[in-house]
Amino acid sequence: MARRVCSKCGIKKDMGAFYFRKDTLNFRNQCKECWRYATASRRYGVTFEQAKLFYSKSNCMCCGELFTHKKQQHLHHVGHKVRGIVCTYCNLALRQETCKDHTRIKSCLQFMSEPRKNPFDRVNPQGSRQMETDPSTIKRRAHSRQCKMCNEVLSLSCFYRQKYVNGHHAFCKECHKIYVKTYKYGLTFDQVKLLRQTPTCDCCSKGLQTPYIHHIGDKILGVLCRECNILLEQESEVTRSKLEACSQWMMVI
């Protein structure tokens, strides 16, 4: 196999260690590792040696998690200042380390500590759905149709197109989203609809545009915003320790 010497580190490596350029139809002069450090130095305003030192660390500087793949390494920065190298989870949780971000982390920790229970009886999760419609009352229009779930006559743009059939689904988009989640969470249609009408996040009290039903296994624990749903994950001890580490990290100036 052909080999070449990296112009930066001076080490002779296989051609697979170099990126191929489609514009020049040739390989770069710097190896992938050196190119990574050079890119980070330009993007984050650090020197080549500083970037190399950060990426050489084997553990997250926030929660201490061991990096198993280089894609888990993120140079965490606030504005133009690099604060360290962290894992994917901590990078998402820390964001720009504003007061709002810190409040969200504390809200997640508090949410995990509070006693909760399922909001619905799970003895008969599916229940029965009444979808009786009188064909004679269905209004036929050229650019509209009646949803078989909510019985509303809506424009065709309010229905998802079927992938393998030339037509639209029988349920409108909103009812279709609810219908899919009845099987995902083991709830009835009305129960999912009630959850999706929650106005604020149960964790950080932020107004909800897209509600996320937070659950662990088959246990529903609340309706959250996207950010809190990502941070809470499965509410394990690992998640709790990471959130606590992020909270402490943000307190250090």
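For the single chain, residues carry numbers from 1 onward in sequence order.
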- request: Assess whether side chain to side chain contact (heavy atoms under 4.5 Å, CB included) is satisfied between Y160 and C172, documenting all intermediate values.
  value: CA-CA 7 Å; Y160 288 117; C172 65; over 6 Å; no
- request: Using the side chain to side chain contact (heavy atoms under 4.5 Å, CB included) rule, take T47 and S41 through it: C-alpha gap first, then chi angles, then the decisive distance, then the call.
  value: CA-CA 5 Å; T47 64; S41 66; 5.9 Å; no
- request: Report the C-alpha separation of Y19 and F27 in whole Å, then their side-chain angles, then the decisive distance to 0.1 Å, and conclude whether the side chain to side chain contact (heavy atoms under 4.5 Å, CB included) test is met.
  value: CA-CA 6 Å; Y19 286 115; F27 290 90; over 6 Å; no
task: Any chance you could lay out the side chain to side chain contact (heavy atoms under 4.5 Å, CB included) test for E97 and L94, step after step, and finish with the verdict?
output: CA-CA 5 Å; E97 300 189 21; L94 292 169; 4.3 Å; yes
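Other residues, nucleotides and ligands contribute only 12 or fewer heavy atoms inside 6.0 Å of the CD atom of Q209. Applying the 6.0 Å contact sphere to CZ of R43 captures no more than 12 heavy atoms from other residues, nucleotides or ligands. Heavy atoms of other residues, nucleotides or ligands lying less than 6.0 angstrom from CZ of R226 number 12 at most.
Looking only at distances, a side-chain donor or acceptor of K173 sits under 3.5 Å from a matching main-chain atom of S157. Using a distance-only test at 3.5 Å, with no hydrogens or angles considered, no donor-acceptor pair links the side chain of H169 to the main chain of F171. Under a 3.5 Å cut-off, the side chain of Y89 and the backbone N or O of L231 do form a donor-acceptor pair. In terms of modelled atom types and a separation under 3.5 Å, the side chain of N229 and the main chain of L224 share no donor-acceptor contact. The backbone N or O of H168 sits less than 3.5 Å from a side-chain atom of Q162, completing a donor-acceptor pair. Proximity of a side-chain donor or acceptor of T188 to a complementary backbone N or O of Q191 within less than 3.5 Å is detected. The backbone N or O of H69 sits nowhere less than 3.5 Å from a side-chain atom of Q73 that would complete a donor-acceptor pair. Of the possible polar contacts, none joining the K57 side chain to the F67 backbone as a donor-acceptor pair under 3.5 Å is found.
The SG atom of C203 sits 15.0 Å away from the OH atom of Y212 when rounded to the nearest 0.5 Å. Remark: C246 SG to L109 CG distance equals 9.0 Å, nearest 0.5 Å. Interatomic distance, CZ of R36 versus CD of Q30, reported as 14.5 Å (0.5 Å rounding). Put simply, CD on E152 and SG on C175 are 8.5 Å apart, with the number rounded to the nearest 0.5 Å. Going from atom OG of S236 over to atom NZ of K242 covers 8.0 Å, rounded to the nearest 0.5 Å. Between R21 atom CZ and N26 atom CG the span is 8.5 Å, to the nearest 0.5 Å.
In this pair, Y44 and H77 present their aromatic rings tilted. The plane angle is within the 30 to 60° band. Y37 and F48 have perpendicular rings, their planes meeting at more than 60° on a 0 to 90° scale where under 30° would count as parallel.
With respect to the salt-bridge test (charged N to carboxylate O, under 4.0 angstrom), the residues R240 and E235 do not qualify. Note on R196 versus E174: salt bridge recorded, some NZ/NE/NH1/NH2 to OD/OE distance being below 4.0 Å. Look at E227 and K206 and you find a salt bridge, because one of the NZ, NE, NH1 or NH2 atoms lies within 4.0 Å of a carboxylate O, short of that distance. Salt-bridge formation is detected for the pair D101/R104: a Lys NZ or Arg NE/NH1/NH2 atom is positioned less than 4.0 Å from an Asp or Glu carboxylate oxygen. Of the charged side-chain nitrogens involved, none lies within less than 4.0 Å of a carboxylate oxygen, so that E33 and K8 do not count as a salt-bridged pair.
Closest approach of P211 to V223, counting heavy atoms only: CB-CG1, 3.5 Å. What you find for Q146 and F159 is that their closest heavy atoms are C-CZ, 4.2 Å. Nearest approach of C225 to C201, heavy atoms of both residues: N-SG, 3.4 Å. Across every non-hydrogen atom of G79 and Q96, the tightest pair is N-OE1, 3.2 Å. Between E65 and C87, the closest heavy-atom pair is OE1-SG, 3.7 Å. Of all heavy-atom pairs between R145 and A170, the closest is NH2-CA, 4.2 Å.
Both V192 and Y183 belong to a common hydrophobic cluster when Ile, Leu, Val, Met, Phe, Trp and Tyr are linked at side-chain heavy-atom distances under 4.5 angstrom. In the hydrophobic cluster analysis, where Ile, Leu, Val, Met, Phe, Trp and Tyr join through side-chain heavy atoms closer than 4.5 angstrom, I230 is grouped apart from F111. In terms of hydrophobic clustering, with Ile, Leu, Val, Met, Phe, Trp and Tyr side chains grouped at heavy-atom distances under 4.5 Å, V46 and W35 are assigned to different clusters. The hydrophobic clustering, which links ILVMFWY residues whose side-chain heavy atoms are closer than 4.5 Å, places M250 and V82 together.
Side-chain atoms of L232 and M112, non-hydrogen and from C-beta on, do get closer than 4.5 Å to each other. Here the side chains of N91 and L75 are not in contact, with every heavy-atom distance at 4.5 Å or above. No side-chain heavy atom of T182 sits under 4.5 Å from any side-chain heavy atom of L187. With contacts defined as side-chain heavy-atom distances shorter than 4.5 Å, the pair S58/L66 qualifies. Two residues are said to be in side-chain contact when any heavy atoms from C-beta on lie closer than 4.5 Å; Q234 and I216 meet this criterion. In this structure, T98 and H102 have side chains that are not in contact, with every pair of non-hydrogen atoms separated by 4.5 Å or more. At a threshold of 4.5 Å between non-hydrogen side-chain atoms, the residues L194 and D190 do not count as touching. Taking 4.5 Å as the limit, some side-chain heavy atom of R4 sits within range of a side-chain heavy atom of N29.
Geometrically, R95 does not engage W249 in a cation-pi contact, judged by NZ or CZ lying under 6.0 Å from the ring centre and within 45° of the ring axis.
Residues S241 and E237 have side chains that never bring a donor and an acceptor to within less than 3.5 angstrom of each other. Checked by atom type, the side-chain pair Q248/E244 shows no donor-acceptor distance below 3.5 Å.
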